[in-house]
Protein chains: 2
Amino acid sequence: MYTVKEASSITGLTEHAIRFYTDKGLVPTIKRNEHNVRLFDEMSINWLHGVRCLKQSGMPIESIKRYIDLCLQGEATLFERSEIMRQHGEFARAQLEEAKRHVRHLEEKVKLYEEISAGRQPDTMNPGNWEEMQVMHGDVFYKATSPTT
Amino acid sequence: MYTVKEASSITGLTEHAIRFYTDKGLVPTIKRNEHNVRLFDEMSINWLHGVRCLKQSGMPIESIKRYIDLCLQGEATLFERSEIMRQHGEFARAQLEEAKRHVRHLEEKVKLYEEISAGRQPDTMNPGNWEEMQVMHGDVFYKATSPTT
DNA sequence: CGCTTGCCTTCGTGTTACACGAAGGTCTTA
DNA sequence: TAAGACCTTCGTGTAACACGAAGGCAAGCG
């Protein structure tokens, strides 16, 4: 049985965050002792890991709560639970693609700065060059993929 | 010369966001007409794309502001600007690795749910099975990589 | 001439997921 | 007896806007 402090050092979550999660019902197996002190068993630590994991991958607290509540309802919610994970997986894949774009973009940007430093390219971000250039590093920036109009 | 509405439809940013950015000084080339109306030329549209781009990759507004201010100071800030992009590139790569982990994790989770549905694995998230199992899907969740103690 | 439309401003609230500190309580241990 | 660890509630702050309201100005239309 672990206290908040111990759970914090095990999971890497802050004590604040852990209290926050328990109060929101994200650790269904948590117990309290006779002095109202939070006590975490292995199962509760696992829930904390799970919450941390889902949250880091971009799932909002409310959805995590929803998922956990479904878990507590048992077998009947099996399909819905797997659907949540499937959909969230798609979301994560989209995020991954985004991340790749960003990395590529920044590599181009760094390369461009190397060219500029070497004098092989003009520094189009420098206002002193704007009049002649007319275009800044815009070519390196993404345009909106699908204008939200 | 584009108005806020037009800039919004071009960049995919909301009008709110665009006013927010211009007020923060993130669009240094913006002009106003005699009636105080914001007017965006091609250069300003490019700045908007740039801001959108950096922000999406996780750079906080304040850092973007810093970068833009450096740009405005011209050649003398070349090194510092390239350093910012290099460091942010590293950040983006770290994010990319994270994203890969999340995708892998969720794929495992989905697979596990398929196994459960097929009856080949027990549903360890179901409280009805907790007494026998003692462990939930914890094995599928990440543990803290480096406990923040 | 008034009306609508579109832009502007400031103000104020809500959001998410906490961080942080203060005040005040309880229990255990040195 | 006092320090230390846990608890509670309260209140503020953060980032990056979203959203709406109130109030103002200018252009175009019938």
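Since the model is a prediction, treat every value here as computed from it, not as a measurement.
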Between Glu15(A) and Arg19(A), does any NZ, NE, NH1 or NH2 come within less than 4.0 Å of an OD or OE carboxylate oxygen?
yes

Only one of Thr3(B), Asn33(B), Asp23(B) clears side-chain hydrogen bond (donor to acceptor under 3.5 Å, both in side chains) with Arg38(B); which?
Asp23(B)

Over how many whole Å does the gap from Glu62(B) atom CD to dC17(D) atom C1' extend?
15 Å

With respect to the side chain of Arg38(B), which nucleotide from dC18(C), dA16(D), dC8(C) is positioned closest?
dC8(C)

What integer distance in Å separates Phe20(A):CZ from dC18(C):P?
6 Å

Rounded to whole angstrom units, what separation is found between the CG atom of Asp23(A) and the C1' atom of dC7(D)?
11 Å

If I take atom CG in residue Asn33(B) and atom P in nucleotide dC7(C), what distance separates them, rounded to the nearest angstrom?
12 Å

For the side chain of Thr3(B), starting at C-beta, report the closest nucleotide among dC18(C), dC7(C), dA15(D).
dC7(C)

Nucleotide of dC7(D), dC8(C), dA18(D) approaching Val4(A) most closely (side-chain heavy atoms):
dC7(D)

From C-beta outward on Val37(B), which listed nucleotide comes closest to its side chain: dA18(D), dC8(C), dC18(C)?
dC8(C)

What do the steps show when you test Asp69(A) against Lys65(A) for salt bridge (Lys or Arg N to Asp or Glu O under 4.0 Å), and what is the final call?
CA-CA 6 Å; Asp69(A) 287 349; Lys65(A) 170 76 172 149; 3.4 Å; yes

Send over the distance from Ile18(A) CD1 to dC6(D) C1', rounded to a whole Å.
14 Å

So which nucleotide from dA19(C), dA18(D), dC17(D) ends up closest to the side chain of His16(B)?
dA18(D)

From the set dC18(C), dC6(D), dC8(C), return the single nucleotide nearest to any side-chain atom of Lys55(A).
dC18(C)

Does Tyr21(B) have a side-chain nitrogen or oxygen under 4.0 Å from the phosphate oxygens OP1 or OP2 of dA16(D)?
no

Please tell me if Thr14(B) has a side-chain N or O lying less than 4.0 Å from either OP1 or OP2 of dA18(D).
yes

Arg52(A) CZ to dC18(C) P: how many Å, rounded?
11 Å

From CZ of Arg19(B) over to C1' of dA18(D), roughly how many Å is that when rounded to an integer?
13 Å

Heavy-atom count check: over 12 atoms from other residues, nucleotides or ligands less than 6.0 Å from Glu75(B) CD?
no

Mind calculating the distance between CG (Asn36(B)) and P (dG6(C)) to the nearest angstrom?
19 Å

So among Asn46(B), Ile10(B), Ile45(B), which one has a side-chain contact (heavy atoms from CB on, under 4.5 Å) with Phe40(B)?
Ile45(B)

Does His35(A) reach a base, just sugar-phosphate, or nothing at all? Heavy atoms under 4.0 Å.
sugar-phosphate

